[in-house]
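Scroll down for the structure; my scribbles are underneath it.
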Amino acid sequence: VTSGRRTRTQPFSILIIPALQLTTASLRAGVEGEPYADTLKASGGAGGYAWGVTAGTLPAGITLAVSGALSGTPTTAGTFNVTVQVTSGVQSASRSIAVLVTPGLSITTTALPDGIVGQPYSITLQTSGGTGTVSWAVLSGALPSGLTLLASGALSGAPTAAGSFTAEFNVVSGTQTRTRTFDIVVISALQVTSTTLRAGLEGAAYADTGTVDSRSMRSLPHPHWNTITSTP
């Protein structure tokens, strides 16, 4: 600097602060009922960052820390649009961003029907939610002989032996897994065990009772008899 005949000099440093930029373009999807974690990121600015939500609402169960960490367990599925803001020194930057929460995988089949020895058996296990194609498998226990389970959840065949069977089923959809234990009861085919009826006497009261195999009575506690053919 010069003033008249006098001159003075002084060195100075000029700090150029990088422009603050919010670098997170998208957040990972969450799953209803499962722990969630992701972190918002920024670049530039004067150093430390402070984060907050300026518009919209995060999914219930998820919170945003001042550090930019998103965490919690979402309780509701859906797409949630929010505006997040990061501040560093005198600068701030904001961006609208969507948080997707997919429905949690659930096994909706609650019980399996009884089977009958030698009779066709067919049911398809059902689910709701999930993030992709489901794939079923038997995790433990055993299916009745003659029945098979496909990855689609179709359980079919013709059981070959009576009994009570317990198996634990596992289903996978995307990153989600669920298990449930089912009982399958296989009963004997209904069989008439009566081979003859007692002789009657013309003009006299008559009574006799047909019998069936009692092992087949689980699904038919009170057999109903019908005359198919009759000879006078």
Candidates Leu100, Ile62, Thr102, Val99 - the one meeting side chain to side chain contact (heavy atoms under 4.5 Å, CB included) with Pro74: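 One option only clears the test, and that one is Ile62.
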Residues Arg28 and Glu34 bridged, charged N to O under 4.0 Å: no
Report yes or no: do [X] and [Y] belong to one cluster of Ile/Leu/Val/Met/Phe/Trp/Tyr joined by side chain heavy-atom distances under 4.5 Å?
X      : Y      : result
Val171 : Leu125 : yes
Ile116 : Leu155 : no
Tyr49  : Val53  : yes
Leu105 : Val101 : no
Val172 : Val134 : no

Do [X] and [Y] touch side chain to side chain, with heavy atoms closer than 4.5 Å?
X      : Y      : result
Thr124 : Leu150 : no
Arg198 : Tyr206 : yes
Phe182 : Leu143 : no
Thr39  : Trp51  : no
Thr24  : Val84  : no
Leu58  : Leu70  : yes
Trp136 : Ile107 : yes
Tyr121 : Leu112 : yes

Find the distance between [atom1] ([X]) and [atom2] ([Y]) and round it off to the nearest 0.5 Å.
X      : Y      : atom1 : atom2 : result
Ser43  : Leu20  : OG    : CG    : 7.5 Å
Glu32  : Thr75  : CD    : OG1   : 7.5 Å
Leu22  : Lys41  : CG    : NZ    : 11.5 Å
Ile187 : Ser164 : CD1   : OG    : 12.0 Å

Cut-off 3.5 Å, side chains only: do [X] and [Y] have a donor facing an acceptor?
X      : Y      : result
Ser92  : Thr87  : no
Thr160 : Ser145 : yes
Asn170 : Thr179 : no

Which heavy atom in [X] sits nearest to a heavy atom in [Y], and how many Å separate them?
X      : Y      : answer
Pro113 : Ile184 : O-CG2, 4.2 Å
Val117 : Ala189 : O-CB, 3.8 Å
Ala98  : Leu27  : O-CB, 4.3 Å
Ala137 : Leu149 : C-CD2, 3.8 Å
Thr83  : Ser96  : OG1-OG, 3.3 Å
Ser88  : Ala46  : OG-N, 2.8 Å

Atom CZ of Arg6 with >12 non-hydrogen neighbours under 6.0 angstrom: no
Test item: [X] side-chain N/O and [Y] main-chain N/O as donor-acceptor pair under 3.5 Å:
X      : Y      : result
Thr131 : Ser173 : yes
Gln176 : Gly132 : no
Gln85  : Thr54  : no
Arg178 : Gly104 : no
Thr108 : Gln126 : yes
Thr127 : Ser106 : no

side-chain contact (heavy atoms from CB on, under 4.5 Å) assessment of Val138 paired with Phe169: CA-CA 5 Å; Val138 175; Phe169 294 79; 4.1 Å; yes
